[in-house]
Number of protein chains: 2
Amino acid sequence: MSDLVNPVGTRAIARDAVRARISEVAVDLFDEHGFDNVTVEQIAAAVGVSARSVHRYFPAKEDTVIGDPAGWGEHVRDQLASRPSEEPLWDALLASYEALLLTPSRNEAQGRKAMRVLGSTPALRARNLEKHLLWARLLTPIVAERLEGNHRELRAETIVQASLACFDIALTAWAEADAVESSVELLRRSFGALQPTA
Amino acid sequence: MSDLVNPVGTRAIARDAVRARISEVAVDLFDEHGFDNVTVEQIAAAVGVSARSVHRYFPAKEDTVIGDPAGWGEHVRDQLASRPSEEPLWDALLASYEALLLTPSRNEAQGRKAMRVLGSTPALRARNLEKHLLWARLLTPIVAERLEGNHRELRAETIVQASLACFDIALTAWAEADAVESSVELLRRSFGALQPTA
DNA sequence: CCCAATCTGTCAGTGTCTGCCACTTATGGC
DNA sequence: GCCATAAGTGGCAGACACTGACAGATTGGG
């Protein structure tokens with residue numbers, strides 16, 4: 001679940017498996033007892049490793065829920081870079097996020113649970129927003145490339161951040177228990193809210 | 001700088017003064033040595049109080065830079081609520097943020113320095129974005145009120161988050177050393193980036 | 001002037017996170 | 001198959017942020 005490239009070598013396979021296992025156990029514990037009421041030591045004990053090792057796999061407790069932000073961010077960036085330049089900018093952005101949502105990363109139920117936990121604690125929300133800042137740095141140059149006129153940098157940044165907000169809102173809504181729509185459907189709807197005239 | 005309501009009673013005055021002093025010293029230290037390289041104990045020593053007292057004024061180290069988010073958020077909400085209902089939504093939002101920027105809160109130099117420090121550390125940026133989430137909760141109902149059609153909630157959330165992104169980008173750009181434009185000018189420009197057709 | 005509310009410092013404790021070291025285990029060259 | 005090297009792991013000590021409890025000092029209002 002962590003990498004988009006297939007791990008090569010038994011070592012890398014084992015590492016990814018352990019990583020996934022820790023994340024799964026952590027999310028379950030957080031979902032049941034609340035993020036602040038679960039210590040790293042408890043997670044470690046439940047998995048069967050030492051607390052020190054948990055911190056080797058995840059630099060911070062919050063990352064057990066968030067996962068690896070950089071990897072997915074680069075994925076979106078590559079998608080966006082490969083869109084035809086004559087395509088309208090917002091369409092290209094939408095398509096790039098959609099490609100990410102359609103990537104079979106982890107199973108549905110686990111993903112929803114992670115998103116639900118993520119929305120329940122300020123510390124996690126904050127960490128998740130940090131991920132967006134990282135993505136923004138990757139996407140802004142590409143968007144700026146496609147713009148014309150003055151103040152390209154500022155306008156690109158605005159567009160990227162706004163689109164990321166759409167992405168976040170769509171995923172949050174999708175995680176709600178009563179949401180039956182697909183995440184792609186919600187994403188399109190959120191994007192549409194910013195283009196009433198187009 | 002912390003409150004919009006005038007503190008009543010000498011005790012409240014003293015409290016606000018100490019609070020402002022801690023924030024000022026902290027921002028200076030962060031600006032010089034970096035957020036992660038300054039401990040709460042060092043801030044406390046520089047101010048002349050105990051570390052425990054610093055934590056009494058600010059629940060978290062990051063809050064010495066951010067300040068009180070709720071107060072300003074309510075200010076924006078009130079502004080937005082008082083805009084005429086026939087005014088276009090984005091104009092009303094823009095006007096509400098502008099009113100906040102024009103409020104003489106603290107001196108220019110200190111404000112810029114705080115924003116610069118804020119932009120320099122991921123943890124601070126994230127904490128600042130959390131503030132936006134709090135604002136969003138206040139603004140979304142009012143925006144939803146003005147919308148028509150289906151999915152008002154999701155669309156309102158999208159619009160609010162996007163406008164907050166504009167606000168954040170404008171302030172960040174304003175804090176840059178080489179930015180000579182006013183914050184209001186930058187805010188308008190950022191808003192404009194989302195309405196190419198209107 | 002006095003009493004009570006408030007403020008403050010000190011201390012002890014929890015939890016996250018990071019180096020450091022020793023030990024075990026897998027990997028790849030020979 | 002053997003062995004040096006690299007990688008993974010656990011335990012330990014320590015830095016730091018943050019919290020609760022307690023005692024003493026300060027101050028404001030009556």
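Lettering of chains follows the sequences in order, A, B, ..., and the numbering in each one begins at 1.
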Atom CG of A/Asp36 to atom P of D/dC18: distance rounded to whole Å?
13 Å
Within 45° cone and under 6.0 Å: A/Arg21 NZ/CZ vs A/Tyr57 ring
no
Validation row: A/Phe191, A/Leu93 side chains within 4.5 angstrom (heavy atoms)
yes
Any donor-acceptor pair under 3.5 Å between the side chain of B/Arg56 and the base of C/dG9?
yes
What's the closest nucleotide to the side chain of A/Ser50 if the choices are D/dG28, D/dG10, C/dT10?
D/dG10
Which part of the nucleic acid, if any, lies within contact of A/Val18, taking any heavy atom under 4.0 Å across all strands shown: a base, the sugar-phosphate backbone alone, or nothing?
nothing
CZ of B/Arg15 versus P of D/dT27: gap in Å, rounded?
16 Å
From CZ of A/Arg21 across to C1' of D/dT9 the rounded distance in Å is 18 Å
Value in whole Å for how far the C1' atom of C/dT8 lies from NE2 of B/His55:
16 Å
Mind calculating the distance between CD (B/Glu41) and P (D/dC16) to the nearest angstrom?
8 Å
What nucleic acid atoms does A/Phe58 come within less than 4.0 Å of, heavy atoms only: base, sugar-phosphate, or nothing?
nothing
Among the nucleotides D/dC16, C/dT16, D/dT9, whichever has the atom closest to the side chain of B/Thr39 is D/dC16
Is it true that B/Glu145 and B/Arg152 make a salt bridge, defined as a side-chain N closer than 4.0 Å to a carboxylate O?
no
In this structure, how many angstroms lie between the P atom of C/dC17 and the NZ atom of B/Lys61, rounded?
14 Å
May I ask you to say what B/Ala60 touches in the nucleic acid, namely base, sugar-phosphate or nothing, with a heavy-atom cut-off under 4.0 Å?
sugar-phosphate
Is it the case that B/Lys113 places NZ or CZ above or below the six-membered ring of B/Phe30, under 6.0 angstrom from the centre and within 45 degrees of the axis?
no
Find the distance A/Phe35:CZ to C/dG15:C1' and express it as a whole number of Å.
12 Å
Using a strict cut-off of less than 4.0 Å between a Lys/Arg side-chain nitrogen and an Asp/Glu carboxylate oxygen, indicate whether A/Asp68 and A/Arg19 qualify as a salt bridge.
no
Output the rounded distance in Å from CZ (A/Arg19) to C1' (D/dG8).
15 Å
Is there a donor on the side chain of A/Arg52 or the base of D/dG8 sitting less than 3.5 Å from an acceptor on the other?
no
